[in-house]
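Heads up: the structure comes next, in structure tokens.
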Protein chains: 4
Amino acid sequence: MSHNTFGHLFRVTTWGESHGPALGCVVDGCPPGIALTAEMIQAFLDKRRPGSGKFVTQRQEPDAVRILSGVFEDERTNGQRTTGTPISLMIENTDQRSKDYSEIAQAFRPGHADYAYFAKYGVRDYRGGGRSSARETAARVAAGAVARLVIPGVTVRAALTQIGPHAINRDNWDWDQVGENPYWSPDAAVVPVWEEHLEKIRKAGSSTGAVVEVEAIGVPAGWGAPLYGKLDAELAAALMSINAAKGVEIGEGFASAALTGEDNADAMRRGPDGQPMFLSNHAGGILGGISTGQPVVARVAFKPTSSILIPRQTLNEAGEEIDLRTKGRHDPCVGIRGVPVVEAMTACVLADAFLRHRAQTGG
Amino acid sequence: MSHNTFGHLFRVTTWGESHGPALGCVVDGCPPGIALTAEMIQAFLDKRRPGSGKFVTQRQEPDAVRILSGVFEDERTNGQRTTGTPISLMIENTDQRSKDYSEIAQAFRPGHADYAYFAKYGVRDYRGGGRSSARETAARVAAGAVARLVIPGVTVRAALTQIGPHAINRDNWDWDQVGENPYWSPDAAVVPVWEEHLEKIRKAGSSTGAVVEVEAIGVPAGWGAPLYGKLDAELAAALMSINAAKGVEIGEGFASAALTGEDNADAMRRGPDGQPMFLSNHAGGILGGISTGQPVVARVAFKPTSSILIPRQTLNEAGEEIDLRTKGRHDPCVGIRGVPVVEAMTACVLADAFLRHRAQTGG
Amino acid sequence: MSHNTFGHLFRVTTWGESHGPALGCVVDGCPPGIALTAEMIQAFLDKRRPGSGKFVTQRQEPDAVRILSGVFEDERTNGQRTTGTPISLMIENTDQRSKDYSEIAQAFRPGHADYAYFAKYGVRDYRGGGRSSARETAARVAAGAVARLVIPGVTVRAALTQIGPHAINRDNWDWDQVGENPYWSPDAAVVPVWEEHLEKIRKAGSSTGAVVEVEAIGVPAGWGAPLYGKLDAELAAALMSINAAKGVEIGEGFASAALTGEDNADAMRRGPDGQPMFLSNHAGGILGGISTGQPVVARVAFKPTSSILIPRQTLNEAGEEIDLRTKGRHDPCVGIRGVPVVEAMTACVLADAFLRHRAQTGG
Amino acid sequence: MSHNTFGHLFRVTTWGESHGPALGCVVDGCPPGIALTAEMIQAFLDKRRPGSGKFVTQRQEPDAVRILSGVFEDERTNGQRTTGTPISLMIENTDQRSKDYSEIAQAFRPGHADYAYFAKYGVRDYRGGGRSSARETAARVAAGAVARLVIPGVTVRAALTQIGPHAINRDNWDWDQVGENPYWSPDAAVVPVWEEHLEKIRKAGSSTGAVVEVEAIGVPAGWGAPLYGKLDAELAAALMSINAAKGVEIGEGFASAALTGEDNADAMRRGPDGQPMFLSNHAGGILGGISTGQPVVARVAFKPTSSILIPRQTLNEAGEEIDLRTKGRHDPCVGIRGVPVVEAMTACVLADAFLRHRAQTGG
């Protein structure tokens, strides 16, 4: 991970600000010969798109992705295929309301990246958060759509497991529920609770945190490059790099601190097919930084959005003490939109791990 | 992070197995002119060294570090100084008991990296865990000692905040206590509780997890390179790459998921010195991936060691179902030794962030 | 250098094919606060643009560059400034004649990348050479324009010193001549010779090689990162990566093989200003991979274009032996257009070296 | 290539100064399961070793290499095998004569890296040239020995083709001759000419330049990663990073500038085996940055060593003008010892290209 590029062999470089003319990414290192169309990427962008529920930001943009390079089609290719050259993806910003930014132009929103960017660069594009806007995650989702095609045997899927203080009941977990409610909840029972909580938060002009859980099924044993390219270390970096992420855990995660060795270690037996089988998955599918063949499981904690309507004490660039409330559209719970982003980053990490594994071992 | 190298500009490449002739690292990119002697590194290695308490592994090695390159001294240098060329550090393995490995040579210890390494590489150095041994962390600690010298204004210090189910009482936090007990506890009151718990674990031939908290004081605002070299993303990768780490959080971390925006965002006022001052530190000193000038705070969850005396169901390389107990020395709580390692990795990440910041901004 | 990214801290990722919708690059790591407009980049693109002479390809494209991200302007910034975030540059391909590619679609042009791309990827965008087209160098020139702004004290300029067998007379060297003829010749006397040679080549449907020399003035002593990031090694990679480049030399280059130590080593004396002064520059401004403060001097050999009208023996994808002549527009001497590209790559390497030097030494 | 690491997937990090306790390298990313012993590496080090002829430096060191990590042997591995973990190689410096360095300690040898290192770092290990010593190439040769094992189907071999003004007669080229004379000459006829020239140079206390040519046979079509990881760009960087290298060319190289397109492009026909066959190899086995299946051919120009006995004008650190002659052992022709180093770097680049190719294409 280097500034605006992530990945080693499946390399994604993203660019763009919230209110610039466009944003996008360059995906480099993608294998050749993979069927890829804009529509295949668009499907994932539509899933991420704000405006699908009333508790995500009301910005209305089609987020239409264009593929500018890296694909080719003629009568012999059986549809459009990747060529092994860099894939440039662009999404134009069509909804850049030229609204009045005079207030935040000179003020640091508490809990936002405003102050840190200013301290670092001495100049900042404050419009809509500029580079630190969650809008940049559209580029991640687009890249993730490509990544999935690199590892066709792997299914990456995420769900929301907590909003504010309300966690799901894991006994109710049903992946089929995830697409049936606007919060990606795998537990139908918690949906009305979340709805009520979000309504309260929205009315108060406040925001709330959330937790997303992701799993990747079909990852074979052997992916991951110890010691510093460990699969869990790469996942941790990728997930922590998402806007508003404040924690990442793998498998049992923080709960493992309270366990004993015999309760935490996953015993092995031969499965019905004679293959190695684990009797539990406290490890979250990763041991020694290498995948074990079990589902890879991670969780990400998202903090509550800092852009809220409740006035907060802060400073402006001149160093004066002011009270600031962030007007305009905002997400009461940015974690909801984090679900497809967590999936995308996980897919990118796995595609990269696959290529690295193939490089070193041929497999 | 690329296989066995971490860092971008302050680059550390580690090498070595538990039972090979030696282990070490190459530190590349260190600024020139810094006073550096083996003794300055040794002090941190001694702190990490097992055998300082009865609840860490009984392996007795001096862990004497040698500097093989990258330093120079003559009458004009005022002691030995770094030259800007790669610093090679080596620690010989003097205590490689040539014991009987016949059992684990062909068996996969449950919860250990054995199976994953075998699945990946088809060959593995099983002696003492080989490359996946916690012994490798000696090289990290050595590198961390150099990293601290690159950022002399920054203090990095860690403490243990939980062993098994027993967390400290944060109201008792006293940094002066940390060096006063063998568990790096900042809470004197919890020490007897931990002691009893560890004794029970040890007698049972079991192991227990733990949580380490680290803080870095003196980090100026502006370090970190969004979007994928974010300071928190780099920290997450570095800390998750430590043996047995299963979770990383920054500032409020997972608890932030339950908060509201107004409770989580850190308000700002001018401090007594007229400088920007935060009224709280839920952010853990990082916003938008960039340091804010507040203390950088992170926590790492360590799982219980997988090498335990309690027999566990597993397989051997031939695929046969066996029951295995791991004989020999082992750590009942690897998290204890994790404390200096967490400090070292944090120091390395910060040294790297400093150099990257200086490159782009001159600051 | 990694696939489609070059540079370490001043990182340029290029993308695009000759006949895709657009091409461009992402410049990452650029310092903030630098005045940058599309016009400033356009000036260099216009210089590179084909069609300025009759001996460069007749493709007529405005090559209008757009800045899609990484800059910001408000009343406080004194014009548009870089923000420290990735700068995305895009040039649309407006002149993609949908001509008949049926012949080369299945044939490998001798001396061209056709066969190698096909062997590597199994699929290739043959239209106009696809990714291997010299058109990609527009993105390099755009990036180079930004690089120059990062090192404002450095002047990078190049000239053509040989076309086919006709070298310039170095005694006639006059930098002011370079812009006065369509061949970037510093020697006015050679221009009619080259003109005649090119006319002959063009009429024959043939092509010719060339040599470009670049110098960078104002590079202070100390840039370059031994041992593998040596300034000359980075330059060699950057220049050899240009289409049709087959050789790179620094300073005395290949001629140094014939010299003795006393003739080759540049003696030093104090200059009129009391500063260290070299009495010659056989080293080309680089010793031990580090700049010495003298002008950095390099030369690049360009082979003759492989796309010629003279029929040549080759194979098609089916493995059949055919004779092929490449129809359509082509460059009789691609080296001419190489001049601004060599400048651009040199500027990028120096900007990167500057940032790396500043990171490690503060200077 | 980043400071002291070269390669992307086959990564070599070297360390060590001429007069430190040791030097060495860490080879990371090597595939597992490869038979590797110290003896296999030693064979190549012995070839490089100074002292095999009277025209290479008289330093007498066994250059005994030790493998400190990354290999394992038990009854199942059929000898010692790589494990996929980093391979640490160390060569102790046994011949560090603690001679009098008082003169060069404060003086800059003309043509040497002394001044540049001092300008960059402000401190330098002047003993024997420190990090800039040709002694570091021992680590490269050791790494190259490992690289060869990664690409067992490829033969990498080099020869000296020019010493001073005396080039070989290419019509006499005979690879079998290369090992039969102390100068790696493929032309037996030139040996007495070189001998006489070197004797004259040695007596004069002077030095001479040289040219090395390398070829790699058995490289399949498809290696190389355009556009900036082109095989020729990587080779150029690797070869230019060798001490005293001032020029690199591929295939026809600088001579291609004088050719026409029809003379330079290599025509293709089907070979006797029905496979694609080139009728010439002006390209040096690389087109578009990708290998074509022909031998990869490159040449490197080495300047004459700067350490000579003839007094030269220079400065000391205090800025005073002095005349300096470099006492002690030195190479009259460093290019001779460059032969195994050029081979090693070429092998490393090819091993890296192979792994990268396998990553992206599976091949």
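A note on names: the letters A, B, ... follow the listed sequences, proteins ahead of strands, and every chain is numbered from 1.
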Part of [X] lying under 4.5 Å from any heavy atom of chain A:
X	result
B:Gln162	side chain
B:Tyr115	side chain
B:Phe118	neither
B:His166	neither
B:Leu279	side chain
B:Asp232	both
B:Lys303	both
B:Ala210	backbone
B:Ile242	backbone
B:Leu315	both
B:Arg131	both
B:Ile310	side chain
B:Thr361	side chain

Checklist entry - Hey, are A:Glu321 and B:Arg269 close enough for a salt bridge, meaning a charged N less than 4.0 Å from a carboxylate O? => result yes
Checklist entry - Does B:Asp263 pair with A:Arg312 as a salt bridge, N-O distance under 4.0 Å? => result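 Salt bridge: no.
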Next on the checklist: So, applying side-chain hydrogen bond (donor to acceptor under 3.5 Å, both in side chains) with A:Tyr228, which one of B:Asn4, B:Thr5, B:Thr14 is it?
Outcome noted: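 Among the candidates, only B:Thr14 passes.
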